[in-house]
Protein chains: 2
Amino acid sequence: MRRSEIRGHLLDTALRLFNLHGYHATGIDLLIAEAGVAKTTLYRHFETKEDLILAALERRDEQSRAEMRIFVEHRASEPYERLLATFDFLEASVRDKQFRGCIFMSAAGEHKEAVDPVFRAALMHKRLVLAYFEELAHAARFSEPKRIADTINLLHEGATAIAQLTRTAEPVRQSKRMAASLLSEEARAAKEPSARSEGAEQQASNADRA
Amino acid sequence: MRRSEIRGHLLDTALRLFNLHGYHATGIDLLIAEAGVAKTTLYRHFETKEDLILAALERRDEQSRAEMRIFVEHRASEPYERLLATFDFLEASVRDKQFRGCIFMSAAGEHKEAVDPVFRAALMHKRLVLAYFEELAHAARFSEPKRIADTINLLHEGATAIAQLTRTAEPVRQSKRMAASLLSEEARAAKEPSARSEGAEQQASNADRA
DNA sequence: GCTTAAATATACCGATCTGTATCGTTTGAC
DNA sequence: GTCAAACGATACAGATCGGTATATTTAAGC
């Protein structure tokens with residue numbers, strides 16, 4: 001292995017092990033054994049384990065967001081369809097045999113204090129993903145792109161969490177259907193602005209079902 | 001402290017620390033120091049740390065589901081409203097100062113292998129919560145209570161995940177609004193059974209917005 | 001009140017943790 | 001081809017991990 005590749009190889013190995021076993025459960029000794037590298041080499045590239053984690057998360061953040069952009073842009077051309085195509089990207093991620101949940105959520109779950117740099121790195125990634133959703137929602141000319149982005153984001157996180165437990169992609173497909181329903185409802189409400197007050201719709205359509 | 005209370009006290013202390021720091025990061029020595037108990041005592045009640053984790057999760061599973069039932073049944077009387085009231089229960093949980101995310105998701109996140117007893121315990125809890133949602137959806141006379149329960153469940157998980165990062169209850173309120181919208185749409189579609197095929201609704205309501 | 005089980009305190013075990021020190025070997029840049 | 005920097009291998013440090021052993025004190029049930 002060429003020396004210029006070692007750092008990236010270490011980060012890739014670390015990400016693989018973090019995904020497989022988690023952060024605390026992944027020891028330095030296992031990491032260097034898997035990477036086929038001396039301990040001295042690891043600590044020449046990263047001062048501490050935390051620095052390694054932060055560098056790995058940063059690498060993965062950039063990778064995954066770039067992959068999502070490319071996937072989505074190739075899958076659909078219209079912004080509205082691209083919002084829904086983000087679920088197809090998520091589905092592909094979840095279908096990966098190695099899928100064990102979102103590594104950023106895992107990172108935040110193992111570093112729970114809000115001031116922890118690892119927690120903050122995870123939060124930053126989620127903010128950037130959310131910003132991409134908002135960008136798409138804005139391009140799709142939604143009147144409240146922030147709220148639309150929050151909606152997509154919530155469905156993504158819910159599907160990811162459930163898929164982590166069930167080990168199936170079905171929650172992702174379901175969340176896409178929910179997104180389609182909610183977005184079409186948004187569009188319907190936008191061109192037919194009724195004076196109906198919010199919060200009154202729940203009991204109306206209840207009793208007379210079935 | 002009376003001896004009969006020690007086991008419960010140990011489990012409560014363990015749950016508090018697991019919630020604060022996670023499972024791997026919570027050491028036995030810290031646990032017994034916080035509980036004010038000798039190490040011998042801990043190991044008389046639990047054979048291993050894993051047994052302690054499993055007992056703690058079982059305790060919390062029963063506690064939280066019982067609390068949710070009581071909260072929901074007191075908050076609303078109609079099954080349909082009770083489905084939405086589950087979000088109010090979630091909001092109360094999230095507003096707790098000590099909220100650091102769902103401990104069952106954290107447990108699964110730190111014990112990622114599907115055969116791991118801790119992972120299975122977390123999965124079992126989620127199945128039981130889902131069963132409760134289905135029970136409510138059935139009582140609310142939805143034609144597909146399983147699917148409705150999946151919908152509520154996905155919104156719960158999404159809101160919980162995002163609240164874990166943002167440390168606010170807003171995602172929960174948003175997910176409740178999304179649930180209300182989706183359920184009312186379900187009800188509307190139920191009494192007006194159109195022949196519109198599924199999957200065709202996404203591109204229809206797109207171009208003519210704004 | 002006696003007995004017995006369970007609590008306490010403490011010392012200890014081997015393994016593992018992150019991180020460092022030493023030293024010989026290899027590599028890449030000039 | 002030289003030389004400095006980076007590599008590999010290994011040993012080790014000090015702390016902490018989960019868990020055990022021992023010996024003494026406490027408290028609950030008959």
Side-chain angles (χ1 to χ4, degrees), chain A residues 1-57 106-107 109-113 116-119 121, chain B residues 1-58 103 106-107 109-113 116-119 121:
Chain A
M1 180 178 329
R2 289 198 297 277
R3 282 178 175 167
S4 58
E5 298 173 346
I6 287 186
R7 183 187 155 92
H9 174 64
L10 278 169
L11 292 177
D12 287 340
T13 305
L15 284 166
R16 199 186 90 237
L17 294 177
F18 291 156
N19 180 61
L20 273 180
H21 310 301
Y23 297 85
H24 287 90
T26 298
I28 296 292
D29 289 334
L30 174 63
L31 171 64
I32 62 175
E34 288 283 315
V37 148
K39 193 179 272 194
T40 325
T41 303
L42 169 66
Y43 278 101
R44 191 182 314 280
H45 286 276
F46 308 100
E47 287 193 0
T48 65
K49 185 185 180 182
E50 181 176 277
D51 285 340
L52 170 71
I53 294 176
L54 291 173
L57 289 181
S106 285
E110 289 196 43
H111 305 82
K112 301 183 178 244
E113 303 199 45
D116 189 307
V118 177
F119 181 94
Chain B
M1 180 181 327
R2 289 198 296 280
R3 281 176 175 168
S4 58
E5 297 172 346
I6 286 186
R7 182 187 156 92
H9 174 64
L10 278 169
L11 292 177
D12 287 339
T13 305
L15 284 167
R16 199 185 89 236
L17 296 176
F18 292 156
N19 181 60
L20 274 179
H21 310 300
Y23 297 85
H24 287 90
T26 297
I28 296 293
D29 290 333
L30 174 63
L31 171 64
I32 62 175
E34 289 282 314
V37 148
K39 194 180 269 195
T40 324
T41 303
L42 169 67
Y43 279 102
R44 191 181 311 281
H45 287 277
F46 307 99
E47 286 194 359
T48 66
K49 185 186 182 183
E50 181 176 277
D51 286 340
L52 169 72
I53 294 176
L54 292 173
L57 289 181
E58 188 179 345
I103 68 160
S106 285
E110 290 196 43
H111 306 82
K112 304 186 177 243
E113 303 200 45
D116 189 306
V118 177
F119 182 95

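In what follows, chains are A, B, ... by sequence order, proteins preceding strands, each numbered from 1. Computed from a predicted model, the values in this text were never measured in an experiment.
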What is the separation between atom [atom1] on [X] and atom [atom2] on [N], rounded to the nearest whole Å?
{"X": "B/His21", "N": "D/dT16", "atom1": "NE2", "atom2": "P", "result": "15 Å"}
{"X": "B/Leu10", "N": "C/dA7", "atom1": "CG", "atom2": "P", "result": "9 Å"}
{"X": "A/Glu110", "N": "C/dC17", "atom1": "CD", "atom2": "P", "result": "14 Å"}
{"X": "A/Ile32", "N": "D/dT10", "atom1": "CD1", "atom2": "C1'", "result": "11 Å"}
{"X": "A/Leu31", "N": "C/dT18", "atom1": "CG", "atom2": "P", "result": "9 Å"}
{"X": "B/His24", "N": "C/dA15", "atom1": "NE2", "atom2": "C1'", "result": "15 Å"}
{"X": "A/Tyr23", "N": "C/dC17", "atom1": "OH", "atom2": "C1'", "result": "19 Å"}
{"X": "B/Asp29", "N": "C/dT10", "atom1": "CG", "atom2": "C1'", "result": "12 Å"}

Inset, instruction - Tell me whether the OP1 or OP2 atom of C/dT8 has a side-chain N or O from B/Thr41 closer than 4.0 Å. - result: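 Checking C/dT8 against B/Thr41, a side-chain N or O does come within under 4.0 Å of OP1 or OP2.
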Inset, instruction - Indicate whether OP1 or OP2 belonging to D/dC7 is found under 4.0 Å from a side-chain N or O atom of A/His45. - result: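 Looking at the OP1 and OP2 atoms of D/dC7, one of them is under 4.0 Å from a side-chain N or O of A/His45.
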Inset, instruction - Would you kindly compare A/Arg44 and B/Leu42 by the position of their nearest DNA chain C nucleotide and give the one closer to the 5′ end? - result: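 By nearest-heavy-atom nucleotide position, the 5'-most residue is B/Leu42.
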Inset, instruction - Taking the side chain as every heavy atom from C-beta outward, state whether A/Asp29 and A/Lys39 have any pair of such atoms under 4.5 Å apart. - result: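 Result yes, sub-4.5 Å side-chain heavy-atom pair found.
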Closest approach of [X] and [Y], non-hydrogen atoms and distance?
{"X": "B/Gly22", "Y": "B/Glu110", "value": "CA-OE2, 3.4 Å"}
{"X": "B/His24", "Y": "A/His24", "value": "CB-CB, 3.6 Å"}
{"X": "A/Leu54", "Y": "A/Pro117", "value": "CD2-O, 3.5 Å"}
{"X": "B/Ala107", "Y": "B/Leu57", "value": "CB-CD1, 4.0 Å"}

Legend entry - Listed partners of B/Tyr23 passing ring pair (Phe, Tyr, Trp, His ring centres under 6.0 Å), at least two apart: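 Here the qualifying residues are B/Phe18, B/His111.
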Legend entry - Five-pair end axes of the helix from C/dG1-D/dC30 to C/dC30-D/dG1 and the angle they enclose, rounded to 10°: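 Its terminal axes enclose an angle near 30°.
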Legend entry - N/O donor-acceptor pair, side chain A/Lys39 with base C/dG19, under 3.5 angstrom: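 Yes, a donor-acceptor pair under 3.5 Å.
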Legend entry - Base C/dA6 paired with B/Thr40 side chain (donor-acceptor, <3.5 Å):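 Counting by modelled atom types and ignoring angles, no donor-acceptor contact under 3.5 Å is found here.
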Inset, instruction - State whether the number of non-hydrogen atoms from other residues, nucleotides or ligands found under 6.0 Å of B/Glu50 atom CD is greater than 12. - result: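 Counting neighbours around CD of B/Glu50, more than 12 heavy atoms of other residues, nucleotides or ligands fall under 6.0 Å, so yes.
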Inset, instruction - Measure from the side-chain N and O atoms of B/Thr26 to the backbone N and O of B/Leu17, and report whether any donor-acceptor pair falls under 3.5 Å. - result: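 Such a contact is found between B/Thr26 side chain and B/Leu17 backbone.
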Legend entry - From D/dT20, C/dG19, C/dA7, nucleotide with atom closest to A/Tyr43 side chain: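 Nearest nucleotide to the side chain: C/dG19.
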Legend entry - Spatial distance of atom CG (A/Leu11) from atom CZ (A/Phe46) [nearest 0.5 Å]: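 The distance works out to 4.0 Å.
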Inset, instruction - Residues of residues 47-56 of chain B with any non-hydrogen atom less than 4.0 angstrom from an atom of DNA chain D: list those, numerically ordered, please. - result: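 Those residues whose heavy atoms fall under 4.0 Å from DNA chain D, taken from residues 47-56 of chain B in numerical order, are B/Thr48, B/Lys49.
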